[in-house]
Structures are given as C-alpha cells and as structure tokens.
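Below you'll find the structure, written out as structure tokens, and then a few comments.
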Amino acid sequence: MKKLFVLAGILGALSGCASTQDSSEVTALKNEIAELKKVQRQVAIKVGLAELVRPDKIELSSEGIWIGSESADVVMLEFTDLHCPYCKKFQKETWPKLKEQFVDTNQLAVLARELPLANIHPKAPYAAVMLRCANQQGQYESVKEQLFDLGGAITDPDIADVIKENQLDEEQFNACLADTKTHNLVTNSLNDAIALGLGSTPVFIIGKKEGNYITNYEIVMGAKSVEDFSTVIERVKSSK
C-alpha cells in the first residue's frame, strides 16, 4: 500500500534508534499511525483515489459466494459484471481451465462478488440479483453461465427459462427477487469494490489466506489467460 509522506516520516522515526522512547510512547505513536491510515483511506475513497491507499490485507466478506474449498491457501476475490463482454470471455475461456487446474485441486478458492457497472450495463444489477437468488437454491454456476449467454436483454420469458431449465422453485425465486435484502447484498459488494478503488470488470484479487483475510495480494484486471493467472497464483503461494 502506498504511504503518504507524513506516514513515511513517522514510520522512519519508529524504525530508527529510539532508546529514549518507552514502550507506551511507541504504542501511542503506532495508534496514531493506524488512525491516520484510516482517515487517509476515508478521504481517498471520497475523492476517487482509493487505489492509492489499499489496505495491506483484505477481509473476506461473509456476503461473498464461495467456490471451492475455503481451506485453500490462496483465495481469489472475483468482481464481475454479468453483462460485461470481457467477464463473459473470462467465464467461457479461462475459468474452465483455471477451475480444473487450481480450484478442483484445492490450491485455490474463489470468493465471488458483484460489480455491476450500471452506467454502461443498466440491467447488470438485476442480473446480479437473479444470480444471488439462484445461489439460494444451489444453482450458482449453471445460472451464471446462462446469464452470460443471455447478455443485457433479459426479458420475462428469459427469467421463466432460467427458472425452468435450472429447476428452481418459482415462488421462492420470485420472492428473493423482490427482497430488498438481496438487492442490498449486491449494493454492498459494489461499495466494497469502490472502497478498494476498483472500477472496471472483470477484476480479481489473488492473495494468501490468513484467517479471514488475504495478504500479499496481487490484482489481475481483465480476461487474462490461465497462464497469466497461474503465474500470479504461484507467486502468491510462495510469498512470505
């Protein structure tokens, strides 16, 4: 994470000789630094510069959707837009190989989140809600594929086809679509992405799992090849 000069100065003082400082003074300074970092992040997010102050570790949201074993050493946060052509390219061309090579072998777990870019894909937020509702009935991956195939022109007959072809309970699915709690999950994901300075899709954050966080992470943007992902995964896996 990039530091501002004021923090660099304080950190420099702490890392140098400090025989005249007792432990309470050091603790107080560290607390001040932590508070400064917090304020800097809040300001940066408000002015659209969150990417400059990303945290050293990122919490794994309980609202994300897990694919693969949560005990994997490496986790990939996926932020996607179901009407983004590059997200579709990743899903169709890269994901099957990535899943087979890393997810199915428990080397990588995926925590799926939403980043619908409504300014260019007006129906993407609704598609994200649909996928959330399908996930409630255990049909995440199959419906995700279908929604990518449908693209931005989702009609009532399309919704009926999704329900029928995936054997979803129609009453439960429709109730979920109307539930503001489901919509709020998508909004929360969008806000989390903004707080991390993310504004395009697809975007992936690959990091080493430490408790309920990932550290030593790298960000991959766009529909990269499985070879590109493999390089990052191996680098993160060997990081210390």
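- Pairing each heavy atom of Ala127 with each of Leu147, the nearest pair is O-CD1, 3.6 Å.
- In this structure the side chain of Lys224 never reaches within 4.5 angstrom of the side chain of Thr94, judged on heavy atoms.
- Partners of Asp161 under the salt bridge (charged side-chain N to carboxylate O under 4.0 Å, His left out) rule, at least two apart in sequence or in another chain, do not exist in this structure.
- Between Pro125 and Val186 the shortest heavy-atom distance is O-CG1, 4.5 Å.
- Judged by the 6.0 Å and 45° rule, Lys57 forms a cation-pi pair with Tyr213.
- Applying the disulfide bond (SG atoms under 2.5 Å apart) criterion to Cys133, with sequence neighbours excluded, gives Cys176.
- Heavy-atom minimum distance, Phe148 versus Cys84: CE2-O, 4.3 Å.
- Annotation: ring pair (Phe, Tyr, Trp, His ring centres under 6.0 Å) contacts of Phe204 (sequence neighbours excluded): Phe90, Phe229.
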In sequence, state the C-alpha distance, the side-chain angles, and the governing distance for Ile206 and Ile219, and then conclude on side chain to side chain contact (heavy atoms under 4.5 Å, CB included). CA-CA 6 Å; Ile206 301 172; Ile219 296 178; over 6 Å; no

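- In plain terms, the two heavy atoms of Tyr217 and Asp56 that are nearest each other are CE2-O, 3.6 Å.
- Within a 6.0 Å sphere centred on CD of Glu100, other residues, nucleotides and ligands contribute 12 heavy atoms or fewer.
- Legend: residues meeting salt bridge (charged side-chain N to carboxylate O under 4.0 Å, His left out) with Glu93, ordered by chain and number and at least two apart, are Lys89.
- Under a 3.5 Å cut-off, the side chain of Ser230 and the backbone N or O of Val226 do not form any donor-acceptor pair.
- A donor-acceptor contact closer than 3.5 angstrom links the side chains of Asp158 and Thr155.
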Distance-only check: which donor-acceptor pairs under 3.5 Å involve side-chain atoms of residues 65-77, not counting sequence neighbours?
{"from": "Ser69", "atom 1": "OG", "to": "Ser71", "atom 2": "N", "distance (Å)": "3.2"}
{"from": "Ser69", "atom 1": "OG", "to": "Ser71", "atom 2": "OG", "distance (Å)": "2.6"}

Between Glu78 and Trp95, does a side chain to side chain contact (heavy atoms under 4.5 Å, CB included) hold up when you go through it step by step? CA-CA 11 Å; Glu78 175 192 14; Trp95 172 243; over 6 Å; no

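- For residues 125-140, the pairs satisfying side chain to side chain donor-acceptor pair (under 3.5 Å) are Glu114-Arg132, Gln139-Ser142, Tyr140-Lys144, with sequence neighbours left out.
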Determine, step by step, whether Gln107 and Ile233 satisfy the side chain to side chain contact (heavy atoms under 4.5 Å, CB included) criterion, reporting the C-alpha distance in whole Å, the side-chain angles of both residues, the deciding distance to 0.1 Å, and the verdict. CA-CA 9 Å; Gln107 298 180 67; Ile233 291 167; 5.7 Å; no

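- If you take CD on Glu170 and CD1 on Ile159, they are separated by 10.5 Å, rounding to the nearest 0.5 Å.
- Considering only residues two or more places apart in sequence or on other chains, Phe102 meets the ring pair (Phe, Tyr, Trp, His ring centres under 6.0 Å) condition with none of them.
- Between the Asn166 side chain and the Val162 main chain, a donor and an acceptor come within less than 3.5 Å of each other.
- Grouping the Ile, Leu, Val, Met, Phe, Trp and Tyr side chains by contacts below 4.5 angstrom, directly or via other members, places Leu177 with Ile163.
- Both Phe79 and Ile214 are assigned to one and the same hydrophobic cluster, defined by single-linkage of ILVMFWY side chains at heavy-atom distances under 4.5 Å.
- Leu196 and Pro55 get closest at one heavy-atom pair: CD2-CD, 4.0 Å.
- What you find for Asn216 and Lys240 is that their closest heavy atoms are ND2-O, 3.4 Å.
- Here the side chain of Asp81 pairs a donor or acceptor atom with the backbone of Leu117 at under 3.5 angstrom.
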Given Lys92 and Glu145, is the salt bridge (charged side-chain N to carboxylate O under 4.0 Å, His left out) satisfied, shown in steps? CA-CA 8 Å; Lys92 298 294 184 180; Glu145 287 280 346; 2.7 Å; yes

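- Atom CG of Asp156 has 12 or fewer heavy atoms from other residues, nucleotides or ligands within 6.0 Å.
- For the ring pair (Phe, Tyr, Trp, His ring centres under 6.0 Å) test, no residue two or more places apart in sequence or in another chain qualifies with Phe173.
- Thr215 meets the side-chain hydrogen bond (donor to acceptor under 3.5 Å, both in side chains) test with Glu210; sequence neighbours excluded.
- Contacts of Asp104 classified as salt bridge (charged side-chain N to carboxylate O under 4.0 Å, His left out), with partners at least two apart in sequence or in another chain: Lys99.
- Linking ILVMFWY side-chain heavy atoms closer than 4.5 Å, directly or via other members, places Ile120 and Met221 in a single hydrophobic cluster.
- Residues Leu190 and Val203 are members of one and the same hydrophobic cluster, defined by side-chain heavy-atom contacts under 4.5 angstrom among Ile, Leu, Val, Met, Phe, Trp and Tyr.
- Applying the side chain to side chain donor-acceptor pair (under 3.5 Å) rule to pairs touching residues 193-209 yields nothing, sequence neighbours excluded.
- Between the Ser239 side chain and the Val236 main chain, a donor and an acceptor come within less than 3.5 Å of each other.
- Side-chain atoms of Ser61 come within 3.5 Å of backbone N or O of Glu63 as a donor-acceptor pair.
- Screening residues 173-187 for side chain to side chain donor-acceptor pair (under 3.5 Å) gives no qualifying pairs among residues at least two apart or on separate chains.
- In terms of hydrophobic clustering, with Ile, Leu, Val, Met, Phe, Trp and Tyr side chains grouped at heavy-atom distances under 4.5 Å, Leu185 and Leu115 are assigned to different clusters.
- Using a 4.5 Å heavy-atom cutoff, the side chains of Met130 and Val143 are not in contact.
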Worked check of salt bridge (charged side-chain N to carboxylate O under 4.0 Å, His left out) between Glu234 and Lys237: CA-CA 5 Å; Glu234 294 299 338; Lys237 191 188 302 183; 3.5 Å; yes

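- In this structure a side-chain-to-backbone donor-acceptor pair under 3.5 Å is missing from His83 to His121.
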